[in-house]
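Presented below is the structure to which this report refers.
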Amino acid sequence: MEPSSLSGLPAGVGEALEAEGVAELYPPQEAAVDAGVVDGESLVAAVPTASGKTLIAELAMLSSVERGGKALYIVPLRALASEKKAEFERWEEFGVTVGVSTGNYDSDGEWLASRDIIVATSEKVDSLIRNGAPWIDDLTCVVSDEVHLVDDSHRGPTLEVTLAKLRKVNPGLQTVALSATVGNADVIAEWLNAELVESDWRPIELHTGVHFGNAINFDDGSQREVPVERGEDQTARLVADALDTEEDGQGGSSLVFVNSRRNAESSARKLGEVTASRLTGDDRDRLRELAEEIRGVSDTDTSEDLADAVEQGSAFHHAGLASEHRSLIEDAFRDRLIKCVSATPTLAAGVNTPARRVIVRDWRRYDGEFGGMQPLDVLEVHQMCGRAGRPGLDPYGEAVLLANSADTREELFERYVWAEAEPVRSKLAAEPALRTHVLATVASGFAATRDGLLSFLDNTLYATQTDDEGRLAAVTDTVLDYLEANGFVERDRDGGSEGLAATGIGHTVSRLYLDPMSAAEILDGLRTVADDGAGAAASPDGADGEFVAADDPAADADAEDPGFTTYTRAGEAETDDADGPAAESADSDDTSPPVTPLGLYHLVSRTPDTYELYLKSGDREEYTEVCYEREAEFLGDVPSEYEDVRFEDWLAALKTGRLLEDWANEVDEDRIAERYGVGPGDIRGKVDTAEWLLRAAETLARDVDGIDGDVVVQVREARKRLEYGVREELLDLAGVRNVGRKRARRLYEAGIESRADLREADKAVVLGALRGRERTAERILENAGREDPSLDGVDPDSSASAAATAGADADGDGDGQASLGDFG
DNA sequence: TAAGAGGGTGTCTAGACAGCATGTC
DNA sequence: CTAGACACCCTCTTA
């Protein structure tokens with residue numbers, strides 16, 4: 001079937017596809033067309049990765065738009081949203097407009113309503129429904145990418161409920177679900193009332209095999225000799241083999257999947273020896289440039305190690321990397337510059353990064369709940385293997401599992417090579433999932449009674465596949481009790497069917513996209529403040545005294561570290577607001593409660609919306625001590641060290657809280673990484689999450705009675721300190737565009753303490769503090785609103801520069817070079 | 001004498017969505 | 001209860 005023979009698409013699209021090289025539709029695509037995908041029919045396409053699933057979706061969306069409709073493409077990851085957007089934008093020349101909406105990126109809210117195709121994550125779609133986005137009921141086509149993720153216990157229920165809601169709002173909605181090959185695609189199709197297209201067909205052949213001893217045995221019975229010398233590394237040998245086998249004039253790249261971050265890093269280091277000896281001079285130059293770019297992203301050990309590996313043509317990839325790191329690696333791997341990537345499963349589910357050869361080194365992974373190593377799911381291994389074979393570059397792809405014995409080889413064949421992927425199972429009937437979705441469903445008007453709620457839930461995959469009718473109802477009732485007890489819903493038991501309504505605060509929680517349990521925890525913590533405040537009024541100096549005393553141990557701990565500069569706090573409890581807590585406590589009987597940033601950071605860190613940091617050996621003692629030293633700062637009850645099982649979790653949250661406090665105290669990123677055993681990606685993730693939760697906390701505190709107005713101010717300040725990563729006194733400066741935590745500190749040390757100072761200060765001092773960077777300084781002066789930002793003929797004041805240099809860690813980022821030059 | 005081999009012990013373990021308002025060094 | 005890689009420390013061996 002030729003694309004140009006398809007009817008129902010915008011004029012020129014078929015021809016454009018042929019110009020792209022799609023002369024003939026792939027068999028699964030043709031099957032999708034036969035099933036009516038361009039005629040508005042719903043469809044489940046369960047086909048392997050890279051076999052043209054996206055085109056099926058495009059055919060559905062474009063034909064829907066051509067009929068005057070509007071399409072939504074749901075992705076599981078933010079990174080995929082931008083990838084898909086870029087892909088779909090090639091249809092803009094045919095008059096089809098594209099927009100994206102994710103948590104960190106929105107192509108303009110107003111505009112979104114006018115877009116023909118919208119790309120968004122499932123959580124974002126859920127949030128848009130909760131907030132009543134007006135265009136939701138204009139949708140005529142929804143595509144759900146990687147729909148097998150409904151199996152995920154954390155995020156699957158969101159996708160499931162979101163699809164159910166979209167279909168309820170819009171009964172005629174064409175639903176196209178793209179899935180990996182799973183055991184029960186037919187059940188998904190039944191749920192969505194859709195046609196099923198199932199196929200193992202791939203445009204590029206995939207050979208899956210197991211390596212043991214001197215050869216890879218493939219599933220088609222063929223064998224490839226890859227002898228491994230005694231003492232030689234099996235993985236290294238296979239990577240070398242792929243690189244030495246030229247196709248298209250170049251050796252093949254490899255993707256190695258391992259089971260931990262540490263393994264990914266050490267594997268990349270080792271494989272660097274293999275790749276380094278096979279680089280051209282040009283490769284070497286470009287890799288050196290890339291390594292520099294990587295070092296520029298963050299000055300942590302992780303970043304440095306990554307850059308070192310990349311210089312050798314090898315890289316690692318895991319969630320501890322900053323997102324900039326990740327995309328640099330992904331792009332360079334796709335451009336064939338990096339020859340080998342050692343990755344945790346991040347890469348198996350993420351953006352498209354195909355390789356000639358995929359090596360699944362570890363097939364077991366630690367599982368905390370189980371308390372030991374568990375074999376990976378068949379589906380997961382298949383997804384990894386599916387990354388083998390680069391369209392247009394490789395004649396075939398190879399996926400190789402590693403065995404260290406003949407027995408293991410047989411086991412791997414049985415378990416993965418021959419095995420069919422597990423069936424997908426809905427995880428909706430679990431309390432955490434229902435807690436948030438029951439509230440949202442009631443709050444956004446999808447159900448007004450218990451019966452209505454249950455009948456709505458009947459439209460989910462869970463209902464389609466369960467044989468235990470009562471379970472969902474039972475968990476729903478438990479959840480309703482919880483929501484009622486916390487004042488999020490009201491129940492009217494008088495009528496025939498129990499009436500349900502969200503309270504004001506329930507609506508707010510739903511719209512903020514908070515887990516109700518997070519909201520309850522936050523409210524509880526903030527309310528304690530009000531209580532304590534009343535108590536503290538009896539001893540007026542109590543609050544302030546505790547605050548100062550509590551701050552000392554932290555300063556001491558930092559001072560022990562020779563490399564770290566402790567900045568003294570100029571004033572206590574001074575805020576930019578005229579009626580700050582200091583002023584308030586002076587003329588009021590209500591002493592302001594001891595709300596500290598640590599207290600707030602700890603509060604949001606112990607909500608279920610924050611992912612826990614792991615307590616390492618020794619951490620228990622360390623944080624138990626912190627717990628006693630800073631007891632006065634914690635909001636809400638402190639569980640007993642000896643009696644309460646929650647104490648462990650509480651300490652883990654304290655560790656996270658301390659990390660956040662360090663960040664807000666301008667501790668360097670590399671220092672934090674070292675102190676908490678995390679990567680730059682983890683730090684940014686934690687800061688980001690806490691920022692989001694504090695913003696929600698601020699809204700909650702404002703919306704609810706009985707929370708002191710001062711608390712709102714404190715929450716906002718704690719949040720802003722996280723956002724900029726600075727101490728209180730730098731908040732004003734860091735708010736100026738182009739001024740981050742480091743520049744703000746340098747300016748402050750040079751005597752420029754505020755935005756106003758920036759407008760009035762001696763330009764020589766400003767320039768000196770910014771290490772003689774004229775263009776940067778001019779931009780900053782302009783952004784601060786200075787009348788005449790020009791720095792023509794101004795010489796940097798070297799004393800300002802000296803002060804600034806002393807105040808910052810040596811970071812070797814070229815800025816240091818500039819200031820050294822200024823002295824000569 | 002020092003480097004290195006070999007063995008026992010202890011430690012640690014994947015991932016990443018949401019709001020809101022605009023831009024680090 | 002179920003694992004495995006690695007760092008670390010100690011001891012013994014060997015050039």
Side-chain angles (χ1 to χ4, degrees), chain A residues 75-79 81 101-106 109 120-128 130-131 149 152 154-155 158-159 257-267 296-299 317-320 323-324 326 343-350 361-362 364-368 370-376 380 404 436 511-515 518 609-611 614-618 669 677 681-682 684-686 688-689 691-699 719 723-725 734-746 770-771 773 776 779-780 783 808 811 813-816 818:
Chain A
V75 290
L77 295 170
R78 290 199 291 231
S101 182
T102 66
N104 60 356
Y105 183 69
D106 231 334
T121 55
S122 38
E123 284 77 7
K124 186 66 188 193
V125 177
D126 188 14
S127 166
L128 288 165
R130 295 185 190 193
N131 287 285
L149 292 173
D152 183 283
H154 183 220
R155 299 180 55 207
T158 303
L159 178 56
F257 285 105
V258 298
N259 65 2
S260 74
R261 294 179 178 188
R262 201 168 60 170
N263 286 342
E265 295 183 15
S266 68
S267 166
V297 170
S298 138
D299 51 10
H317 190 285
H318 59 62
S323 56
E324 301 94 307
R326 290 201 229 174
T344 56
T346 14
L347 219 54
R361 195 193 78 176
D362 302 332
R364 278 189 284 229
R365 187 171 48 221
Y366 181 82
D367 178 347
F370 178 72
M373 301 300 267
Q374 280 283 71
L376 300 183
E380 208 171 344
N404 50 18
T436 185
R511 278 197 305 265
L512 285 170
Y513 212 77
L514 280 179
D515 182 328
S518 296
D609 277 309
T610 302
Y611 205 79
Y614 192 89
L615 278 186
K616 300 180 184 189
S617 71
E669 198 180 20
D682 301 298
R684 294 172 197 200
K686 285 278 177 290
D688 206 50
T689 304
E691 235 183 279
W692 166 59
L693 286 168
L694 284 170
R695 195 180 284 273
E698 200 182 317
T699 308
R719 192 204 81 222
E723 186 179 339
Y724 300 129
V736 177
R737 192 195 279 202
N738 288 320
V739 179
R741 62 198 317 232
K742 292 193 173 173
R743 285 176 184 163
R745 179 51 65 188
R746 288 185 198 128
L770 295 169
R771 300 178 168 186
R773 293 295 177 87
T776 307
R779 272 209 311 275
I780 289 173
N783 294 334
D811 48 17
D813 65 353
D815 269 17

Short side-chain N/O contact from A/S260 to OP1 or OP2 of B/dC12, under 4.0 Å: no
Sugar-phosphate, base or nothing in reach of A/D515, heavy atoms under 4.0 Å: nothing
Integer-rounded Å distance: B/dA18 P and A/D609 CG: 12 Å
Sugar-phosphate, base or nothing in reach of A/R262, heavy atoms under 4.0 Å: base
Under-4.0 Å side-chain N/O to phosphate OP1/OP2 contact, A/K686 with B/dA16: no
Phosphate OP1/OP2 of B/dA18: any A/R155 side-chain N/O under 4.0 Å: no
A/Y611 aromatic ring stacked with six-membered ring of B/dA16, 5.5 Å and 30°: no
Distance in angstrom units between A/R361 CZ and B/dA14 C1', rounded: 14 Å
Mate of B/dG8 where both pairing distances stay under 3.5 Å, Watson-Crick or G-U: C/dC8
Straight-line distance of A/Y724 OH to A/E691 CD, nearest 0.5 Å: 9.5 Å
Among B/dG15, B/dT13, B/dT24, the one nearest A/R261 by side-chain distance: B/dG15
Test item: A/E324 and A/R684 side chains (from C-beta on) under 4.5 Å apart, heavy atoms: yes
Sugar-phosphate, base or nothing in reach of A/T102, heavy atoms under 4.0 Å: sugar-phosphate
Carboxylate-amine/guanidinium contact A/R741 A/E669, below 4.0 Å: no
salt_bridge(A/D126, A/R130) N-O dist < 4.0 Å: yes
Separation of the C1' atoms in B/dA18 and C/dA3, to the nearest angstrom: 36 Å
Sugar-phosphate, base or nothing in reach of A/L77, heavy atoms under 4.0 Å: sugar-phosphate
Touch class at under 4.0 angstrom, heavy-atom based, for A/R326 against every strand present: sugar-phosphate
Interatomic distance, A/N783 CG vs B/dT22 C1' [rounded to whole Å]: 12 Å
Nearest-nucleotide 5' precedence on DNA chain B, A/R737 against A/P345: A/P345
Phosphate-side-chain proximity, A/S266 and C/dC6, N/O vs OP1/OP2 below 4.0 Å: yes
Touch class at under 4.0 angstrom, heavy-atom based, for A/D362 against every strand present: nothing
Length of the CG-P vector between A/L514 and B/dC17, whole Å: 17 Å
Nucleotide of B/dA16, B/dT24, B/dA18 approaching A/A319 most closely (side-chain heavy atoms): B/dA16
Close side-chain approach of A/I780 to A/L770, heavy-atom, < 4.5 Å: yes
Whole-Å distance separating the NE2 atom of A/H318 from the P atom of B/dT13: 12 Å
Euclidean distance, atom OH of residue A/Y366 to atom P of B/dG15 [Å, nearest integer]: 15 Å
A/D682 CG - B/dA14 C1' separation (whole Å): 11 Å
Sugar-phosphate, base or nothing in reach of A/G685, heavy atoms under 4.0 Å: nothing
Touch class at under 4.0 angstrom, heavy-atom based, for A/N259 against every strand present: sugar-phosphate
Mate of C/dA15 where both pairing distances stay under 3.5 Å, Watson-Crick or G-U: B/dT1
Phosphate-side-chain proximity, A/T689 and B/dA18, N/O vs OP1/OP2 below 4.0 Å: no
For B/dG15, the Watson-Crick or wobble counterpart (both distances under 3.5 Å): none
P atoms of B/dA14 and C/dA7, separation to the nearest Å: 16 Å
Minimum-distance nucleotide to A/K124 side chain [options: C/dA3, B/dT13, B/dA18]: B/dA18
Touch class at under 4.0 angstrom, heavy-atom based, for A/R364 against every strand present: sugar-phosphate
Sugar-phosphate only, base, or nothing, as touched by A/V125 at under 4.0 Å among non-hydrogen atoms: nothing
Any side-chain heavy-atom pair of A/R743 and A/V739 under 4.5 Å: yes
Touch class at under 4.0 angstrom, heavy-atom based, for A/R695 against every strand present: base
Side chain proximity check, A/L514 to A/D609, heavy atoms < 4.5 angstrom: yes
Counter-base of B/dT24, judged by Watson-Crick or G-U geometry with both distances under 3.5 Å: none
N or O in side chain of A/R78 less than 4.0 angstrom from B/dA18 OP1/OP2: yes
A/S122 vs B/dC17: side-chain N/O to OP1/OP2 distance below 4.0 Å: no
Spacing between A/R365 atom CZ and B/dG15 atom C1', to the nearest angstrom: 9 Å
Residue mapping more 5' on DNA chain B - nearest nucleotide basis, A/E123 or A/N104: A/E123
Phosphate OP1/OP2 of B/dG10: any A/S617 side-chain N/O under 4.0 Å: no
Nearest atoms (heavy-atom pairs only) where A/D682 meets A/G320: OD2-CA, 3.5 Å
Whole-Å C1' distance, B/dA16 and C/dA5: 26 Å
